[in-house]
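The structure presented is a predicted model; accordingly, all values stated were derived computationally and were not measured.
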Amino acid sequence: MTTHPKPTPKVVLQVQNASIFYGSFRAVRDVTMDIYANEVTALIGPSGCGKSTLLRCFNRMNDLVPGARVEGKITYHGKDLYAPEVDPVEVRRRIGMVFQKPNPFPKSIYDNVVFGARVNKYKGDLDELMETSLRQAALWDEVKDKLKESGLSLSGGQQQRLCIARAIATKPDVILMDEPCSALDPISTLKVEELIHELKQNYTIVIVTHNMQQAARVSDRTAFFNAEATERGNRVGYLVEYDSTSVIFNSPKEKATMDYVSGRFG
């Protein structure tokens, strides 16, 4: 019986020789990597190695930081994300973000979920969108009887899933997660991890995490970043190794990767 090789997944985000600056300070240098459709890609590495800085470039959140700029190229479905004609608001609609600390708005659960849809003048049924988004975020059964209550009344883990529902409701293609479980207890963390597994059926997910076990559990591919001191005494982040998660955790090519994932440094 002939076995056919698995088709290579579609590239959604492509980073080509990208360096990220804040003013004259180069925070991240020369990153090249592809992010694939319907996969979870984890960015790992010690603090200050540029993981979150790179993540924020994918939906142009760094535009909000004075002096931030990208050299090299970052493309989304082949289109330069930083081309002059590209609208960063539209980028953020297609590439949603979930932050480290749950940040629901001081509004009802319902209004939290449909907030982005209203801003984008969504023409469909808001009730249906709200329910579908909460179901996808594995939160519907817990909140369906209290949709008028404040999103701030929920537990930390529920608030984070509410923020995921809010991100889903804008119908993005990619969801970025910046340490989404670092403020959560172990049970809430497990629920979010299970949710990530389910969401990758419909979305491409990029997650920054300090938790090695989490990266090993939830991701298909893992990128290990490190940082080195510059002549000026600053630290610049760079990509050490990027491969399937099983390779990174079991047989990485670089000694620094093995030292990090086995807990010998970082």
Side-chain angles (χ1 to χ4, degrees), residues 12-13 35 37-40 55-56 58-61 63-64 76-77 79 81 85-181 183-184 187-207 218:
V12 175
L13 289 159
I35 307 283
N38 302 107
E39 290 190 352
V40 180
L55 189 78
R56 287 164 169 268
F58 291 146
N59 73 342
R60 296 191 49 172
M61 289 292 287
D63 290 18
L64 308 173
Y76 168 65
H77 292 298
K79 173 87 173 163
L81 273 176
E85 71 276 11
V86 171
D87 178 3
V89 175
E90 178 62 14
V91 169
R92 289 176 206 132
R93 190 190 70 72
R94 294 184 184 212
I95 304 175
M97 185 110 178
V98 176
F99 295 92
Q100 185 171 354
K101 195 168 180 295
N103 60 340
F105 301 135
K107 298 172 178 288
S108 71
I109 292 167
Y110 183 104
D111 287 338
N112 262 279
V113 177
V114 301
F115 180 83
R118 280 182 172 146
V119 168
N120 294 322
K121 299 184 171 51
Y122 180 69
K123 298 285 193 294
D125 184 329
L126 281 179
D127 290 356
E128 188 181 314
L129 178 72
M130 176 272 310
E131 181 176 337
T132 303
S133 302
L134 286 171
R135 283 188 186 280
Q136 278 196 289
L139 191 58
W140 173 253
D141 288 340
E142 294 166 50
V143 303
K144 62 184 177 187
D145 298 324
K146 47 183 180 182
L147 296 172
K148 290 189 169 65
E149 292 180 24
S150 170
L152 299 170
S153 68
L154 299 174
S155 70
Q158 289 173 325
Q159 286 188 19
Q160 192 62 300
R161 281 181 286 142
L162 178 64
C163 293
I164 292 170
R166 186 174 70 198
I168 289 169
T170 61
K171 300 197 179 299
D173 177 38
V174 180
I175 301 175
L176 310 176
M177 297 186 172
D178 193 357
E179 292 191 58
C181 302
L184 305 182
I187 291 171
S188 297
T189 295
L190 189 61
K191 283 191 173 178
V192 171
E193 287 182 6
E194 288 171 351
L195 175 57
I196 290 168
H197 268 298
E198 290 170 26
L199 289 175
K200 78 173 182 181
Q201 310 303 320
N202 298 307
Y203 306 95
T204 299
I205 297 173
V206 188
I207 178 172
V218 306

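For the residue pair Gln159 and Leu152, the shortest heavy atom distance occurs at NE2-O, 3.3 Å. The shortest non-hydrogen separation linking Pro102 to Gly156 is CG-O, 3.6 Å. Residues Lys107 and Asn112 come closest through the heavy atom pair O-ND2, 3.2 Å.
Between the side chain of Arg60 and the backbone N or O of Leu81 there is at least one donor-acceptor pair closer than 3.5 Å. One N or O on the side chain of Asp125 and one on the backbone of Asp127 form a donor-acceptor pair closer than 3.5 Å. Side-chain atoms of Gln100 do not come within 3.5 Å of backbone N or O of Glu179 as any donor-acceptor pair. The backbone N or O of Asn38 lies less than 3.5 Å from a partner atom in the side chain of Thr204, making a donor-acceptor pair. Between the side chain of Thr132 and the backbone N or O of Leu129 there is no donor-acceptor pair closer than 3.5 Å.
A salt bridge does not link Glu194 with Lys191: every distance from a Lys NZ or Arg NE/NH1/NH2 to an Asp or Glu carboxylate oxygen is 4.0 Å or more. Between Glu85 and Lys79 there is a salt bridge, since a side-chain N of the basic residue sits under 4.0 Å from a carboxylate O of the acidic one.
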Any chance you could lay out the side-chain contact (heavy atoms from CB on, under 4.5 Å) test for Val192 and Ile164, step after step, and finish with the verdict? CA-CA 9 Å; Val192 171; Ile164 292 170; 4.3 Å; yes
Stepwise, does the side-chain contact (heavy atoms from CB on, under 4.5 Å) test hold for Leu147 with Ser108? CA-CA 6 Å; Leu147 296 172; Ser108 71; over 6 Å; no
For the pair Tyr76 and Val86, evaluate side-chain contact (heavy atoms from CB on, under 4.5 Å) and give the outcome as yes or no after the intermediate values. CA-CA 11 Å; Tyr76 168 65; Val86 171; over 6 Å; no
Does the side-chain contact (heavy atoms from CB on, under 4.5 Å) test come out yes or no for Leu134 and Leu162, once each step is laid out? CA-CA 7 Å; Leu134 286 171; Leu162 178 64; 4.1 Å; yes
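Heavy atoms of other residues, nucleotides or ligands lying less than 6.0 angstrom from CG of Leu64 number more than 12.
Using a 4.5 Å cut-off on side-chain heavy atoms (C-beta onward), Val12 and Glu39 make no contact. Counting heavy atoms from C-beta on, the side chains of Arg92 and Asp63 come closer than 4.5 Å. In this structure, Ile168 and Leu199 have side chains that are in contact, with non-hydrogen atoms separated by less than 4.5 Å.
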